Amino acid sequence: MTIFKVAAVLLTGFFVGLTLEGIARKIIARVQRRYGPPWYQNFIDVFKALSKHGFSHGWIFDFGVLMALGGVIATLSFVPLGNLVAFPGLDNVFVVLYLFAVGALGMAMGMVGSGNPNASIGVARALTQMLGYEVPYLVSLAAIIFYYKTSSISNLMNLQADSWNLFKMPIGAAVAFISLMGMLGKKPFDTPIAPAEIASGPMVELSSKYMGLLMLMHTFSIFVEISLFVDIFLGGGSYLVFLLKFTVVWIIATLISAVLPRFRIEQVVKFYWRVPLGLAFLQAFFVLIGWVF
Amino acid sequence: MSYERTIWEKIADNLRSRSMWMLHYCTGCGAVELPPSMTSRFDMERLGMGPMATPRQADIFLITGYLSVKTLRRVIYTYEQMPDPKYVVGFGSCTINGGIYYDSYATINRVDYYIPVDLYIAGCMPRPEAIFEAFTELMRMIRKGEAIGWKKYKENYEWYKQNQLKSLGEVYVHDEFHE
Amino acid sequence: MMNSMNDLLEELKKLFGNFEVQEIDEREVKIDVESDKVVGILTTLKSKGYSHLSLLTCVDWINENKFELIYILYSWQNGCKFIVATWIERKNPKFVTVMNLWPVARFYEREIHEFFGVEFEGNDDMKPLILELWDDIPPLRKDFDPLEYSKKKFPGRQYDKDVIQEALIFRGDKNG
């Protein structure tokens with residue numbers, strides 16, 4: 001039974017993730033008054049990339065790409081999608097956060113292994129940015145875990161039956177959403193993959209199959225990040241309700257990113273450690289003194 | 001000239017024709033025609049095309065305008081860095097026969113003497129309409145399996161190399177500021 | 001011509017003897033000087049505020065069998081330009097460097113050496129600047145034939161039809 005559930009989670013990640021990425025491209029095109037690609041464009045892109053004949057850059061590179069994809073797939077199978085929980089009892093916030101680091105490290109290792117200086121710059125920027133958004137995100141998560149005295153995502157979902165955390169702790173939700181934009185690498189925070197500056201950063205040496213696998217990894221990691229936000233802040237519900245909430249969050253993030261320019265890396269860290277971190281501490285303080293709606 | 005393809009290669013070619021990522025080699029003046037073809041007026045992305053920042057991810061190599069001896073070396077480097085299958089589009093008169101630089105001591109006269117070119121767009125400069133005409137034609141060629149420049153380059157590598165050496169002396173790039 | 005430039009010209013004539021002056025514009029003057037006085041004049045001009053060497057270039061006068069070296073000096077104080085020109089022999093051309101006055105002259109002199117073959121004594125850096133693996137006489141000399149070189153080095157396309165004639169007929173230059 002667990003196998004089917006894991007398969008269901010992964011297939012959801014694949015189909016819904018790629019479809020929503022295609023829809024995001026369409027939305028951005030419409031914001032820019034273009035017609036935009038079809039919604040299934042990203043499926044074509046991934047399969048085309050997998051059909052090409054690429055170059056390897058040594059075994060560290062190969063292993064890094066596989067580790068990135070494998071790590072993210074492993075993370076995704078632990079994330080509950082509404083009432084679809086593949087590993088009941090193991091869907092802990094800390095499990096997800098730690099497993100997620102495996103994928104990120106695999107990507108960093110593989111990309112640095114390609115030997116291209118642009119890739120190293122991109123990875124350095126990605127890790128710096130991670131330092132920026134993780135701190136406010138974890139402070140706001142810690143406030144929630146402290147409030148409910150549990151770190152199981154399923155329990156957190158069920159405990160919001162009366163009112164979502166979005167309304168109970170609006171400041172914390174705002175902080176988490178801003179951090180989510182950074183995790184997704186959406187527009188004001190797409191410094192690590194700045195195509196015009198550092199030739200798409202970590203992906204600079206990725207050809208063909210490696211590119212396809214990294215696109216899948218990107219899709220899955222987007223799915224993990226948004227699912228975590230939806231589960232913790234937007235309450236529980238059935239599988240379909242979950243997907244609906246997921247789509248709404250994704251579209252809001254896309255619309256915000258469609259109209260914004262790019263931060264420089266030091267501006268990213270300064271911003272995260274000033275505004276969202278301050279707000280996160282404020283929220284934690286409110287939770288400590290019991291001001292929760 | 002067309003090669004026998006298996007059913008999988010036909011499917012793959014179909015996918016390739018609908019997701020073309022381009023690398024623009026914009027040392028010539030043709031680059032100015034690309035922003036209108038990419039932005040709202042003509043919107044290249046609706047055909048699945050888009051600019052790519054690195055040769056590793058690109059399918060199409062768009063050479064806009066004249067190539068000097070110096071840039072030809074970099075073009076050959078870039079072309080050989082791209083993963084197969086790759087398609088080259090020569091853009092503007094200068095890539096076809098030298099254009100107004102036919103008697104220059106520093107610019108080459110035809111690109112397909114050095115690397116295989118699948119398609120040429122004539123004009124000085126070609127308008128975005130001509131660019132779209134060319135790309136729909138290239139899509140048709142890829143679907144039918146006629147865009148086989150990358151196979152020709154492998155089969156006739158000796159001939160291309162000999163031409164490159166004849167015009168350039170040496171393909172290797174020496175760079176005073178990095179050595 | 002501005003008064004300050006006139007005064008400066010008088011002073012230069014007093015110091016270096018007479019030379020030909022050609023007024024181009026209200027703020028632009030070209031002076032033709034003998035080659036042994038160039039460095040002295042440039043030094044004086046630099047000390048009088050014409051401190052920016054905006055161009056150093058060369059012209060090939062093949063009928064006179066001479067090269068003309070041209071220094072364009074710009075003053076940031078009043079926006080005036082002095083164009084100092086001098087003539088050197090075309091055969092075995094040699095001149096002195098002005099690298100000690102303007103360090104940037106190193107690159108102008110490298111370029112002139114590459115494109116005209118003029119040697120600059122005192123400039124130790126005479127490597128090619130722009131061309132790669134050049135194998136003929138310097139290309140901006142008037143006796144260099146670029147079309148012939150292009151034909152020899154970069155083969156053009158062979159046309160079955162005579163397209164040039166056809167284009168002339170299309171354009172109406174010729175009757176078809």
Side-chain angles (χ1 to χ4, degrees), chain A residues 18 22 24-57 61 65 111 114-119 122 190 193-215, chain B residues 5-24 26 35-61 77-87 128 132 139 142-143 145 150-151 153-154 178:
Chain A
L18 278 179
R25 279 172 76 173
K26 194 93 181 168
I27 289 172
I28 291 176
R30 286 298 162 88
V31 170
Q32 296 171 350
R33 304 213 167 173
R34 290 186 285 124
Y35 184 74
W39 61 269
Y40 50 85
Q41 184 64 46
N42 274 51
F43 290 95
I44 301 179
D45 286 352
V46 168
F47 287 117
K48 180 217 67 178
L50 291 176
S51 82
K52 295 188 77 174
H53 316 285
F55 307 96
S56 172
H57 295 273
F61 183 74
V65 172
M111 300 308 101
S114 73
N116 192 312
N118 280 328
D190 68 340
I193 49 156
E197 295 165 33
I198 50 171
S200 70
M203 282 116 75
V204 65
E205 281 291 333
L206 287 171
S207 55
S208 65
K209 294 183 177 59
Y210 302 96
M211 187 66 199
L213 293 182
L214 246 280
M215 281 165 81
Chain B
R5 291 178 299 164
T6 62
I7 182 81
W8 292 113
E9 278 168 340
K10 278 182 185 165
I11 294 173
D13 275 346
N14 233 315
L15 291 172
R16 283 166 198 158
S17 77
R18 304 178 73 174
S19 157
M20 304 198 292
W21 293 347
M22 285 186 290
L23 182 70
H24 307 150
C26 296
S37 20
M38 267 185 261
T39 48
S40 1
R41 177 83 186 258
F42 294 98
D43 186 20
M44 209 174 247
E45 205 188 4
R46 75 196 146 90
L47 303 176
M49 296 188 283
M52 277 291 141
T54 97
R56 297 289 191 201
Q57 300 167 8
D59 307 311
I60 298 179
F61 193 16
Y77 264 45
T78 315
Y79 181 71
E80 292 183 352
Q81 279 177 2
M82 285 166 63
D84 294 337
K86 47 195 170 187
Y87 315 101
F132 276 95
M139 284 177 182
I142 295 174
R143 268 200 296 278
W150 56 284
K151 281 185 184 162
Y153 190 69
K154 279 183 179 167
H178 291 101

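Just so we're clear, the structure is a prediction, and the values are computed from it rather than from any experiment. In what follows, every chain begins at residue 1, and chains take the letters A, B, ... in the order their sequences are listed.
The closest side-chain heavy-atom distance from B:Met52 to A:Met211 is not below 4.5 Å. B:Trp21 has its side chain within reach of A:Lys48: a pair of non-hydrogen atoms, C-beta onward, lies under 4.5 Å apart.
Counting heavy-atom pairs under 4.5 Å between each of B:Pro51, B:Ala53, B:Pro83 and chain A puts B:Pro83 at the top. Of all the listed residues (A:Gly54, A:Ser208, A:Gly36), the one sharing the greatest number of non-hydrogen pairs under 4.5 Å with chain B is A:Gly36. Considering only heavy-atom pairs separated by less than 4.5 Å from chain A, the leading option among B:Asp43, B:Leu47, B:Thr39 is B:Asp43.
In plain terms, the two heavy atoms of A:Ile44 and B:Ser19 that are nearest each other are CG2-CB, 3.6 Å. For the residue pair B:Ser40 and A:Arg34, the shortest heavy atom distance occurs at CA-CG, 3.5 Å. A:Pro38 and B:Arg46 get closest at one heavy-atom pair: CD-O, 3.9 Å. In terms of heavy atoms, A:Met203 sits closest to B:Gln57 at O-NE2, 2.7 Å.
Heavy-atom neighbours of chain A within the stretch residues 6-16 of chain B, taken at a separation under 4.5 angstrom, comprise B:Ala12, B:Leu15, B:Arg16.
More than 12 heavy atoms of other shown residues, nucleotides or ligands fall within 6.0 angstrom of atom OH in B:Tyr77. In the displayed structure, B:Arg41 atom CZ is contacted under 6.0 Å by at most 12 heavy atoms of other residues, nucleotides or ligands.
Neither the backbone nor the side chain of B:Met20 comes within contact range of chain A; no heavy atom of the residue lies under 4.5 Å from a heavy atom of that chain. When heavy atoms are compared at a cutoff of 4.5 Å, A:Phe55 approaches chain B solely by way of its side chain, counted from C-beta outward.
Distance NZ/B:Lys86 to NE2/A:His53: 11.0 Å, rounded to 0.5 Å.
Annotation: side chain to side chain contact (heavy atoms under 4.5 Å, CB included) contacts of A:Arg25 (sequence neighbours excluded): A:Pro37, A:Gln41, A:Asn42, A:Asp45, B:Glu45.
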